[in-house]
Amino acid sequence: MAIVRAGAAELGFAEEAPAWRLRSKQFPSKVGGRPAWLGEAGLPGPAELACSLCGRPLAFVLQLYAPLPGRADAFHRGLFLFCCRAPPCCAGLRVFRNQLPRKNDFYSHEPPPEEPPPDTGESVCLRLKSGAHLCRVCGCLGPKTCSRCRQAHYCSKDHQAVDWRSGHKQACGQADNLDNTVPDHNFLFPEFEIVIETEDEITPEVSEKDDEPEIIGSMGEVPAEELDSMAKHESREDKIFQEFKNKIALEPEQILRYGRGLAPIWISGENVPQEEDIPDCPCGAKRIFEFQVMPQLLNYLKADRLGKSVDWGILAVYTCAESCSLGTSYTEEFVWKQDVTDTP
C-alpha cells in the first residue's frame with residue numbers, strides 16, 4: 001500500500017495478505033519473504049547485499065512504496081531494508097532506494113487491477129523480465145549458477161550450500177520443475193503486507209507517577225556527585241522512554257512510522273544521531289529522516305533463537321532530501337540503529 005501523506009505521521013501495520021497482492025506489479029509495501037523489486041535496472045548485487053561486519057548475505061526485512069507527489073521522476077518509489085540474521089553477528093543493516101517515472105520499461109501506465117489475476121498460483125518467480133536471474137534462497141540478484149545443472153542461480157556460495165542441503169541435491173538435474181520446487185530454507189522472514197493509516201493526534205493521559213524508577217539497595221557508599229549524575233540520567237531516560245510509550249499507546253501494534261522530513265521518536269536518550277552522523281547523499285544533498293522501524297516488528301519476524309539474534313530498539317532510515325536521480329537504479333541510503341539500553 002502506498003504512503004498517503006498528511007500533517008501527522010503515518011503508521012504501518014503488518015497484516016496477512018494473498019500472495020498476488022505482494023508481487024512487484026502491485027507496488028506493495030510488505031515485510032519479509034523475497035523482495036518485490038520495483039525497477040530491474042541496477043539491482044544491488046551480492047557485494048552490496050553482504051553484511052559489512054561478517055560478510056554473510058543479508059536478509060530482506062521490508063519494503064515501503066513511497067512515491068513523491070508532484071515528482072514525475074518519482075511517480076513510483078520504493079525503499080528496501082535488509083539486515084544480517086547470521087549469528088553471532090546479526091548486526092549489519094543496509095537500505096536502498098529506487099524510483100521510476102510513470103512511463104517506464106517495467107509497468108503499465110495504468111494502475112494495477114484490484115482483483116486477483118488469473119495466475120494466482122504460488123510458484124516463485126526467480127527470473128526478471130530483463131532476463132536477470134534471482135537467488136533461489138533470498139530472491140536477490142543471483143549471478144552464480146549450480147555447476148552441475150546450470151539451472152539454479154544463487155547470490156553466494158552460502159546460499160548455494162543452503163539450497164543444496166534443503167533439497168537441490170535431490171532435484172538437481174530435474175530442470176522441468178526446478179523453478180516450482182523452491183523449498184523453505186528458513187532464511188526468509190515471514191511475509192506480511194504493510195497497511196498504512198494516518199496517526200490519530202489524540203494522545204492518552206498518562207499519570208506523571210507511571211513507571212517511576214525504584215531504588216533498591218543501599219546507596220550509603222555512593223558519592224553525592226555520582227548520585228546526582230545518576231538521578232539526572234535516570235530522570236532523562238525515564239522521560240524519553242515514557243514519551244515513547246505515550247506516543248505509541250493508542251496503536252501499540254504499529255511496526256513503522258512514516259514521516260518524510262519529520263523527526264523520529266526515540267526509545268532512549270542514548271545513541272541519538274547528531275547532524276554530522278548522517279552522511280550526505282553522493283549527489284551532494286543532505287539526507288533527511290523518512291521512516292522508522294519499531295521494535296514491534298520483531299514479533300512478526302520470529303527471529304528469536306538461542307544466543308544472538310536480530311534485535312533493535314529503533315531503526316531510523318534517512319534518504320536523500322532531493323530524492324535524486326541516482327535512484328533510477330538502486331542507490332544506498334542510510335539507516336541508524338538505536339538499541340534499548342539499560343540505565344544505570
Side-chain angles (χ1 to χ4, degrees), residues 1-6 10 12 17-45 48-49 60-82 94-117 119 125 127-132 134 139-141 191-198 256 258-261 281-283 285 287-291 293 317-335:
M1 179 176 290
I3 296 293
V4 180
R5 285 161 187 78
E10 290 164 287
W20 67 270
R21 287 262 298 273
L22 305 178
R23 294 178 180 174
S24 295
K25 59 187 177 183
Q26 296 294 324
F27 309 113
S29 291
K30 75 183 192 83
V31 168
R34 294 173 174 84
W37 298 111
L38 181 61
E40 296 185 9
L43 252 65
E48 296 170 286
L49 291 176
F60 171 69
V61 178
L62 63 79
Q63 65 189 73
L64 201 58
Y65 182 64
L68 298 181
R71 283 282 299 272
D73 62 330
F75 185 87
H76 299 298
R77 184 170 174 273
L79 302 167
F80 298 78
L81 177 65
F82 298 81
R94 302 187 85 162
V95 62
F96 297 85
R97 170 174 57 90
N98 181 242
Q99 59 197 47
L100 298 169
R102 184 170 185 175
K103 184 178 180 181
N104 59 77
D105 296 333
F106 308 108
Y107 302 103
S108 167
H109 189 272
E110 299 302 320
E114 297 184 4
E115 298 299 322
D119 58 331
C125 179
R127 188 171 184 176
L128 301 175
K129 292 179 181 178
S130 62
L134 302 178
C140 298
L141 205 58
E191 193 171 33
F192 299 92
E193 183 177 18
I194 298 176
V195 176
I196 303 295
E197 298 179 7
T198 301
L256 67 82
Y258 184 94
R260 181 170 164 83
C281 177
C283 77
R287 283 194 172 100
I288 59 173
F289 172 74
E290 185 147 354
F291 74 93
V293 181
V317 173
Y318 295 80
T319 61
C320 175
E322 302 298 328
S323 200
C324 65
S325 58
L326 292 175
T328 54
S329 58
Y330 285 78
T331 188
E332 187 165 8
E333 296 288 11
F334 182 74
V335 55

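In this text the structure is predicted, and so the values were computed from the model without any measurement.
Minimum heavy-atom separation, Ala41 to Tyr330: O-CD1, 3.6 Å. Minimum interatomic distance between Leu141 and Pro44 (heavy atoms only, all atoms of both residues): CB-O, 3.9 Å. The minimum heavy-atom distance linking Ala321 with Ile288 is given by the pair CB-CG2, 3.8 Å. A pairwise comparison of heavy atoms in Trp20 and Glu114 identifies CH2-O, 3.4 Å as the closest pair. Here the closest heavy-atom approach between residue Ala36 and residue Ser24 is recorded as C-OG, 3.1 Å. Annotation for Cys281 and Cys324: closest pair SG-SG, 3.6 Å, computed over non-hydrogen atoms.
Residue-environment remark: CD (Glu322) stays at or below the threshold of 12 foreign heavy atoms within 6.0 Å.
In this structure, Asn98 and Trp37 have side chains that are not in contact, with every pair of non-hydrogen atoms separated by 4.5 Å or more. At a threshold of 4.5 Å between non-hydrogen side-chain atoms, the residues Lys129 and Phe106 do not count as touching. Within the 4.5 Å cutoff, the side chain of Pro112 has no heavy atoms near those of the Tyr107 side chain. Considering only heavy atoms from C-beta on, Pro116 stays 4.5 Å or farther from Pro18 through its side chain. By the 4.5 Å heavy-atom criterion applied to side chains, Phe192 and Leu22 are not counted as neighbours. Between Cys320 and Leu326 the shortest side-chain heavy-atom distance does not fall below 4.5 Å. Contact annotation: the side chain of Arg21 approaches that of Glu193 to within less than 4.5 Å [non-hydrogen atoms, C-beta and beyond]. Side-chain atoms of Leu43 and Leu134, non-hydrogen and from C-beta on, do get closer than 4.5 Å to each other.
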Inset, instruction - Show the numbers, then the answer: is there a side-chain hydrogen bond (donor to acceptor under 3.5 Å, both in side chains) between Glu290 and Tyr318? - result: CA-CA 6 Å; Glu290 185 147 354; Tyr318 295 80; over 6 Å; no

Inset, instruction - Could you go through the salt bridge (charged side-chain N to carboxylate O under 4.0 Å, His left out) check for Arg94 and Glu48 one step at a time? - result: CA-CA 8 Å; Arg94 302 187 85 162; Glu48 296 170 286; over 6 Å; no

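The CZ atom of Arg34 sits 10.0 Å away from the SG atom of Cys140 when rounded to the nearest 0.5 Å. Taken to the nearest 0.5 Å, the CD1 atom of Ile194 stands 8.0 Å off from the CD atom of Gln63. Of the inter-residue distances, the one linking Thr319 atom OG1 with Arg260 atom CZ reads 4.5 Å to the nearest 0.5 angstrom. Annotation: the span from Tyr65 atom OH to Ile196 atom CD1 amounts to 13.0 Å, rounded to 0.5 Å. Leu81 contributes atom CG, which lies 10.0 Å from atom CZ of Phe96 (distance to the nearest 0.5 angstrom). Distance OG/Ser108 to NZ/Lys103: 12.0 Å, rounded to 0.5 Å.
Between the side chain of Arg287 and the backbone N or O of Val317, no donor-acceptor pair lies under 3.5 Å.
In this model, a donor atom of one side chain and an acceptor atom of the other lie less than 3.5 Å apart for Ser323 and Arg77.
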